[in-house]
Amino acid sequence: MSQNISQELIDKCIQGQAKAQKQLYEFTVRQMYGICLRYCKNADDARDTMQEGYIRVFSKMKQFEGKGVLEAWMRRIFVNCALENIRVNKFYTETSDIAEEYNLGFENLTIDKMSQKEIMEIFQKLANGYRTVLNLFAIEGYSHAEIAEILGISEGTSKSQLARARGAFLKEYNKLKN
Amino acid sequence: MNKLDNILKQQMETFAPDAPNIWTGIAQGVQANAALQTAKVSKTIGSKLVITVLKIAAFIVIPAIVVVYFISNEKNNIVESPKVENRILSSNSNTEDKKTVETPKIASVNIENKALKINENKRAISNNNSSSNTSEKTSNEIFTISQLKISEQNSKTKSEKLMIVLNEKNNDNLYEEITENKEVEKIEENETRGDFLNSMNEAGIRIFPNVFTPNNDGIDDKYVIDLEGEKFYNLKIYNYNNELVFESEDKNNNWDGVNYKTGQACNSGTYFGILTYKLPNEDKNSTRMTKIKLIR
């Protein structure tokens, strides 16, 4: 993907040339849709999020100014879009009282390999809060401090939510396999 | 690093499934967004211009109004004095002939001259009247007096007319001032309502209402756009954080003030409506926007 995006193309996109923007869209759409699907509950939400994300990317492209990799910059925007759409904070307050049962036993469960399809299947069954924290911490690689800042929660909450999310994931995995 | 996290990262970081083609939606959104931004910029520039123009206009208009007001007051004073005199004259002339002959002196120069001419006859008439003798001479003299009366009345009406004309002139001035003020008010009104509403009207589209109150009182509960014979219709309504709160491709599906994603009622405030449409006589889509004020 990256090698296809030349500085020329970026400049044209900044100028607002629709042809260049379409080209950029075609280069990146699969990756970005992947991000949207990971965060959203279903395909419809992902589609909406993706549309919003691209609109935001093209209208804010002047702010990019060649800082870092365009792909990473775009990813950040799409993640933010997705987070806004699922209103994470609300779900955290709703799910924070769920019992610690998820933590028990499943940590020792061994997973050798999972397909993307399986992971997505489980992700879509998870509560928004758990899915979000797994996405941010495991896949995006943010630290707890960063997650706390992004979601507007405390670092401790982020840590406990991650532990619960892992437990929830493993529980769903267990259901799937058996 | 947790094993699960590792698996997730390895598998999902490169997750790139087949995506649905939503380019047309994105292109429209980008176009509308760009238009919105330019509209915002032009609006700020436009409003600044309007404010400066208004300031300059105020500096010119306010002293002008003051000056015109004082001048008109002076004119009124000038005109009022003969009017009062004339009234005294007319009332006197009705009661006493003697005074009617004398009073025109004050009334106007023409009458004064005439009065001087028949000044000698005056006493004779009064004598004759008092003695109640009727002769040709006196009758003639009476005739002249009646003529004089008429001329006096004419002069009175003339002066009245002059006064009326002057008053009318003053009124005109005042009217002009009032209309000027009204124009200023209109400009201010347009400024607060948002400039791009007008462009909407130019295109023959009536946006109704700009302010709408979705409180189920039967009045302006829905945001209705009057558009006829369109080939394409897409209405998007954004809140100030650029979040889409409503979208419709059916013009009969009107916004009722509810966020269509969350189902929550939108708060009072300003919203941006972006309308993409295609009229029968047009080749390509047009995008227009308006500000919508939601009041609950």
Side-chain angles (χ1 to χ4, degrees), chain A residues 1 13 16 18 21-22 25-26 28-38 43-48 50-61 84-85 87 106-107 109-120 123 134-135 137-141 162-163 165-167 169-170 173, chain B residues 1-41 234 236-249 259-264 266 272 274 276 284-285 287 289:
Chain A
M1 174 187 134
C13 287
Q21 287 177 344
K22 192 179 180 185
Y25 161 80
E26 280 165 356
T28 55
V29 65
R30 285 165 65 96
Q31 279 85 354
M32 296 308 144
Y33 188 57
I35 294 171
C36 296
L37 267 183
R38 275 199 279 127
D44 282 346
D45 282 357
R47 199 189 143 104
D48 286 353
M50 183 159 77
Q51 180 158 333
E52 267 189 63
Y54 270 109
I55 291 167
R56 207 175 288 186
V57 163
F58 288 131
S59 53
K60 285 187 175 178
M61 206 135 171
E84 278 172 29
N85 276 10
R87 292 166 189 268
F106 296 111
E107 281 294 310
L109 210 93
T110 50
I111 317 167
D112 293 325
K113 204 167 172 78
M114 278 182 85
S115 71
Q116 288 181 340
K117 199 190 163 198
E118 282 170 334
I119 293 170
M120 278 313 298
F123 262 25
L134 279 176
N135 265 312
F137 187 87
I139 302 171
E140 249 73 57
L162 178 67
R166 282 175 185 151
F169 186 93
L170 291 170
Y173 174 79
Chain B
M1 191 79 177
N2 191 289
K3 197 180 178 184
L4 173 64
D5 293 355
N6 268 330
I7 291 169
L8 287 177
K9 191 167 178 72
Q10 279 168 14
Q11 286 292 327
M12 300 309 287
E13 205 171 27
T14 55
F15 181 51
D18 285 334
N21 189 0
I22 56 160
W23 172 247
T24 46
I26 292 164
Q28 271 176 30
V30 170
Q31 198 189 344
N33 226 334
L36 191 72
Q37 278 174 351
T38 49
K40 271 182 184 172
V41 170
N234 179 289
K236 285 176 181 166
I237 293 167
Y238 293 86
N239 65 11
Y240 242 100
N241 294 330
N242 228 3
E243 291 163 3
L244 192 64
V245 294
F246 180 78
E247 185 177 9
S248 172
E249 302 223 64
N259 186 331
Y260 82 127
K261 273 182 189 164
T262 61
Q264 287 175 332
C266 293
F272 288 105
I274 297 173
T276 312
K284 54 180 184 178
N285 290 344
T287 304
M289 61 214 67

Just jot down the ring-ring contact (aromatic ring centres under 6.0 Å, His included) partners of B:Phe15, sequence neighbours excluded, or say none.
none
Heavy-atom closest pair, residues [X] and [Y]:
| X | Y | answer |
| --- | --- | --- |
| A:Val29 | B:Ala19 | CG2-CB, 3.7 Å |
| A:Gly34 | B:Pro17 | CA-CD, 3.5 Å |
| B:Trp23 | A:Ala18 | CZ2-O, 3.7 Å |

To the nearest 0.5 Å, tell me how far [X] [atom1] sits from [Y] [atom2].
| X | Y | atom1 | atom2 | result |
| --- | --- | --- | --- | --- |
| A:Gln21 | B:Ile26 | CD | CD1 | 10.0 Å |
| A:Gln51 | B:Ile22 | CD | CD1 | 5.0 Å |
| A:Leu134 | B:Leu4 | CG | CG | 6.5 Å |
| B:Gln31 | A:Phe58 | CD | CZ | 13.5 Å |

Among A:Met50, A:Arg47, A:Arg30, the residue with the most heavy-atom pairs under 4.5 Å to chain B is A:Arg30
Give the member of A:Asn135, A:Leu37, A:Ile119 that has the highest number of heavy-atom pairs under 4.5 Å with chain B.
A:Ile119
When you measure from the side chain of A:Gln31 to the backbone N and O of B:Ala16, does any donor-acceptor pair fall under 3.5 Å?
no
Test item: [X] and [Y] side chains (from C-beta on) under 4.5 Å apart, heavy atoms:
| X | Y | value |
| --- | --- | --- |
| B:Val30 | A:Ser59 | no |
| A:Tyr25 | B:Asn21 | yes |
| A:Glu118 | B:Gln11 | no |
| A:Phe123 | B:Leu8 | yes |

Which bit of A:Asp48 is near chain B, if near means a heavy-atom gap under 4.5 Å: side chain, backbone, both or neither?
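The side chain, not the backbone.
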For B:Lys9 and A:Glu140, what are the C-alpha separation, side-chain angles and deciding distance, and is it a side-chain contact (heavy atoms from CB on, under 4.5 Å)?
CA-CA 8 Å; B:Lys9 191 167 178 72; A:Glu140 249 73 57; over 6 Å; no
For B:Lys261, check salt bridge (charged side-chain N to carboxylate O under 4.0 Å, His left out) against everything at least two apart and list the hits.
A:Glu52
